[in-house]
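Residue numbers begin at 1 in each chain, while the letters A, B, ... track the order of the sequences. Quick caveat: nothing in here was measured; it's all calculated off a predicted structure.
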Amino acid sequence: MTDDLIPIPTLAANAADALPAGGLAAQLATAEREGRPLRIKLGVDPTSADIHLGHCVVLGKLREFQDAGHTAVFIIGDYTARVGDPSQRSKARPSVSAEEIDANAKTYVEQAMRILDPERTEVRFNGEWLGSMKMDDLFGLVSRSTIARLLERDDFAKRYAANEAITMLELLYPLLQGYDSVAIDADVEIGGTDQLYNLLMGRDIMPSYGKPAQTVMTMPILVGTDGTDKMSKSLGNYIGVTDEPADMFGKTMSIPDEAMPEWFRLASGLGHAEREAAITKLTNGELAPNEAKRLLGRSVVARFHGAEAGVAAEQHFNTVFKSKEVPDDIPEIAFGEVPVNEDGRVFLPGMLVEHMGVASGSEARRLLQQGSVRIDGEALDPATLELDPAQLSGVVLQVGKRRFLRIAADA
RNA sequence: GGAGGUGUGCCCGAGUGGCUAAAGGGGGCGGGCUGUAAACCCGCUGGCUAUGCCUACGAUGGUUCGAAUCCAUCCGCCUCCA
């Protein structure tokens, strides 16, 4: 990854790979000499609206390039989203409607700008060139590859071997994505390691369109909060960029210790030197695991909500989980909002569903039976289904460890 | 055009006529423990103001006292041969 003559200090430091060897270094040197920023491509498919820490790995890398003076070309695959990237489809590919795609694209860009520098970002939609592509051009494009070449791709090969369906459309996907690089004159393309094949396809076809082949950089895939699977919304092991600070911190605390180094490198948002220092200290015992994880949690929160929010989130965590006390910043309702039935009593399952985010009355009954409903810290008798409203005046109602509701006193 | 496979709860997956709100696992939730919303242990896990009632095994319609299980038709998904 590093050239003997031209070292790349940090841009490739946490990357999984940068191809071809020395390619990036040469480009950086040329850019420097000519005073021209490189065009760094990142393509995303807006198949889901919200982005999470996993997406932020590549976005963060893109930001690093921006900070080094280069131009980010952020491609929204509004057109390719209709095809569906096969690498994201191990089983059923959720088909997304055009309206959804547009809506997703909007929030996606919005959220990505929390990481990227808008001043140095060019946002493009690939429908711009793919949507108007003529049959002739498409034929020209598809003739640049072969079935054998496409089937080299690992997940195609696996699915083919496992007798799973591969549609023609999916087969086309890498070519379309590769064409994006032609359309926007990419110098470098960034993506997750799962995108390697697609990135290389862009590199492959560019010369035949008379463009210099892009170099590619892949970033490792971030594991989710469970520490095993790739972070994804559908697995529920994610931290969303719009999550509340307390949630971000808590979810970070829940990752397995073994995942910490990787999270420092890919998710913390810390600079190269800082994150490596933390990992070293963690490894040699200078930094206790608990402290390391707290640092990680603060860093993650700080990345999206600012440093003070990171500290506050840690304090909130201490209150709720260490001292098991009621935090200050909890939702509150007026006494009049407490639902009362014809007999003038409070039906607890209804109350919990209405105000505490419990999924159903049956679920609420279960929680009551398990003794997880508390009033001012005191567990309710499992048999209790109804209460006198007066018993809820000016109390804190709690379900489980982290759902709280303050009820104002009766006036 | 022909042959075959398959469709079960959030997911995977057992179940070939009653004991099935449906084994087992995962996930989730709750409790305990803990530096931790980790690991581990235990419990719960369709809905309904509820000692009962309703809905549920791709869909519809049948057979039967009784169906996820049998029959018919249809729909979806997958593979192979041509």
Next on the checklist: side chain to side chain donor-acceptor pair (under 3.5 Å) for A/Lys251 and A/Asn237? Distances and angles first, verdict last.
Outcome noted: CA-CA 9 Å; A/Lys251 284 180 180 175; A/Asn237 60 359; over 6 Å; no
Checklist entry - What is the distance, rounded to the nearest whole Å, between atom CD of A/Gln398 and atom C1' of B/G31? => result 13 Å
Next on the checklist: Taking only the P atom of each, what is the distance from B/G13 to B/U45 in whole angstrom?
Outcome noted: 23 Å
Checklist entry - Between A/Tyr173 and A/Asp45, does a side chain to side chain donor-acceptor pair (under 3.5 Å) hold up when you go through it step by step? => result CA-CA 11 Å; A/Tyr173 186 93; A/Asp45 276 358; 2.8 Å; yes
Checklist entry - Whole-Å distance between B/A38 P and A/Trp263 CH2? => result 13 Å
Checklist outcome for this item: Comparing A/Val353 with A/Phe321, nearest RNA chain B nucleotide closer to 5' gives the residue A/Phe321
Checklist entry - Taking only N and O in the side chain of A/Arg365, is any of them less than 4.0 Å away from OP1 or OP2 of B/C48? => result no
Next on the checklist: Could you check whether the side chain of A/Gln370 and the base of B/G43 have a donor-acceptor pair of N or O atoms closer than 3.5 Å, going by distance alone?
Outcome noted: yes
Item to check | Rounded interatomic separation in angstrom, taking CD from A/Glu363 and P from B/C10 | outcome: 13 Å
Item to check | Atom pair distance, as rounded to whole Å: CG in A/Asp243 and P in B/A37 | outcome: 18 Å
Item to check | Residues touching RNA chain B, which here means a heavy atom under 4.0 Å, drawn from residues 282-303 of chain A | outcome: A/Pro289, A/Asn290, A/Lys293
Checklist entry - In terms of the nearest nucleotide of RNA chain B, which residue is placed more toward the 5' end: A/Met260 or A/Asp226? => result A/Met260
Checklist outcome for this item: Between A/Asn14 and the options A/Glu262, A/His272, A/Lys61, A/Arg265, the side chain to side chain donor-acceptor pair (under 3.5 Å) test singles out A/Lys61
Checklist entry - If the P atom of B/G46 is compared with that of B/U20, how far apart are they to the nearest Å? => result 15 Å
Item to check | Below 4.0 Å: OP1/OP2 of B/U36 and any side-chain N or O of A/Ser254 | outcome: no
Item to check | Secondary-structure stems, RNA chain B, at least 3 Watson-Crick or G-U base pairs under 3.5 Å | outcome: B:1-7 with B:75-81, B:10-12 with B:24-26, B:27-32 with B:40-45, B:46-48 with B:52-54, B:58-62 with B:70-74
Next on the checklist: In whole Å, measure the gap between the C1' atoms of B/U8 and B/A56 for me.
Outcome noted: 10 Å
Next on the checklist: Does the Lys NZ or Arg CZ of A/Lys134 fall within the cation-pi geometry relative to A/Phe139 - under 6.0 Å from the ring centre and within 45° of the axis?
Outcome noted: no
Checklist outcome for this item: Tested for side chain to side chain contact (heavy atoms under 4.5 Å, CB included) against A/Phe317, the lone hit among A/Lys322, A/Arg402, A/Arg294 is A/Arg294
Item to check | Aromatic ring pairing A/Tyr179/A/Tyr209, orientation class (parallel under 30°, perpendicular over 60°, tilted between) | outcome: perpendicular
Item to check | Verdict with reasoning, A/Arg144 to A/Ser208, per side chain to side chain donor-acceptor pair (under 3.5 Å) | outcome: CA-CA 8 Å; A/Arg144 284 175 160 83; A/Ser208 67; 2.6 Å; yes
Checklist outcome for this item: Whole-Å distance, A/Tyr238 OH to B/G28 P, equals 13 Å
Item to check | Candidates B/G31, B/A37, B/C29 - which lies nearest the side chain of A/Arg403 | outcome: B/C29
Item to check | Inter-nucleotide C1' distance (B/G27, B/G9), Å rounded | outcome: 13 Å
Next on the checklist: For A/Ser181 and A/Gln214, which I'm curious about, is there any donor-acceptor pair between the side chains at under 3.5 Å?
Outcome noted: yes
Checklist entry - So what does A/Asp247 hit on the nucleic acid, given a heavy-atom distance under 4.0 Å: a base, only sugar-phosphate, or nothing? => result base
Checklist entry - Using the C1' atom in both, what is the distance from B/G17 to B/U64, to the nearest Å? => result 9 Å
Checklist entry - Looking across every strand, which nucleic acid part, if any, lies under 4.0 Å from A/Phe317 by heavy atom: base, sugar-phosphate, or nothing? => result base
Item to check | Heavy-atom donor-acceptor pair, A/Asp257 side-chain to B/G35 base, under 3.5 Å | outcome: yes
Checklist entry - How many angstroms lie between OG1 in A/Thr193 and CE in A/Met219, if you round to the nearest 0.5 Å? => result 10.0 Å
Checklist entry - If you check the A/Lys322 side chain, which of B/U36, B/C29, B/G31 turns out closest? => result B/U36
Checklist outcome for this item: Of the candidates B/U49, B/C44, B/A38, the side chain of A/Glu386 sits closest to B/U49
Checklist entry - What nucleotide among B/A38, B/A37, B/U49 has an atom nearest to a side-chain atom of A/Pro256? => result B/A38
Checklist outcome for this item: Against the side chain of A/Ser362, the closest entry in B/C29, B/G47, B/G35 is B/G47
Checklist outcome for this item: Distance col, row A/Leu42:CG vs A/Glu189:CD, nearest 0.5 angstrom, shows 7.5 Å
Next on the checklist: Under 4.0 Å, counting only non-hydrogen atoms across every strand here, what does A/Arg374 touch: a base, just sugar-phosphate, or nothing?
Outcome noted: sugar-phosphate
Next on the checklist: By the definition side chain to side chain donor-acceptor pair (under 3.5 Å), identify the one residue from A/Thr121, A/Thr71, A/Asp117 that meets it with A/Gln66.
Outcome noted: A/Thr121
Checklist entry - What distance, rounded to whole Å, do you find between the two P atoms, one in B/G26 and one in B/U36? => result 25 Å
Checklist entry - Which value, in whole Å, describes the distance between the P atoms of nucleotides B/C41 and B/U60? => result 43 Å
Checklist entry - Starting at CD of A/Gln369 and ending at P of B/C44, how long is that distance when rounded to a whole Å? => result 11 Å
Next on the checklist: Distance check, C1' atoms only: B/A14 and B/G7, in whole angstrom units.
Outcome noted: 15 Å
Checklist entry - Which way is the base of B/U51 turned, syn or anti, if we draw the line at 90° from 0? => result syn
Next on the checklist: Please classify the nucleic acid contact of A/Gly250 as base, sugar-phosphate, or nothing, using heavy-atom distances under 4.0 Å.
Outcome noted: base
Item to check | Gap between atom CG of A/Leu176 and atom CG of A/Leu130 - 0.5 Å precision | outcome: 5.5 Å
Item to check | A/Glu258 CD to B/G35 P, straight-line distance once rounded to whole Å | outcome: 17 Å
Next on the checklist: Looking only at the side chain of A/Arg366 (C-beta and beyond, no hydrogens), which of the listed nucleotides B/C44, B/A37, B/G30 gets closest?
Outcome noted: B/C44
Checklist outcome for this item: Testing B/C29, B/G46, B/G31 for proximity to the side chain of A/Leu367, the answer is B/C29
Checklist entry - Rounded to whole angstroms, how far apart are CG on A/Asn237 and C1' on B/C10? => result 15 Å
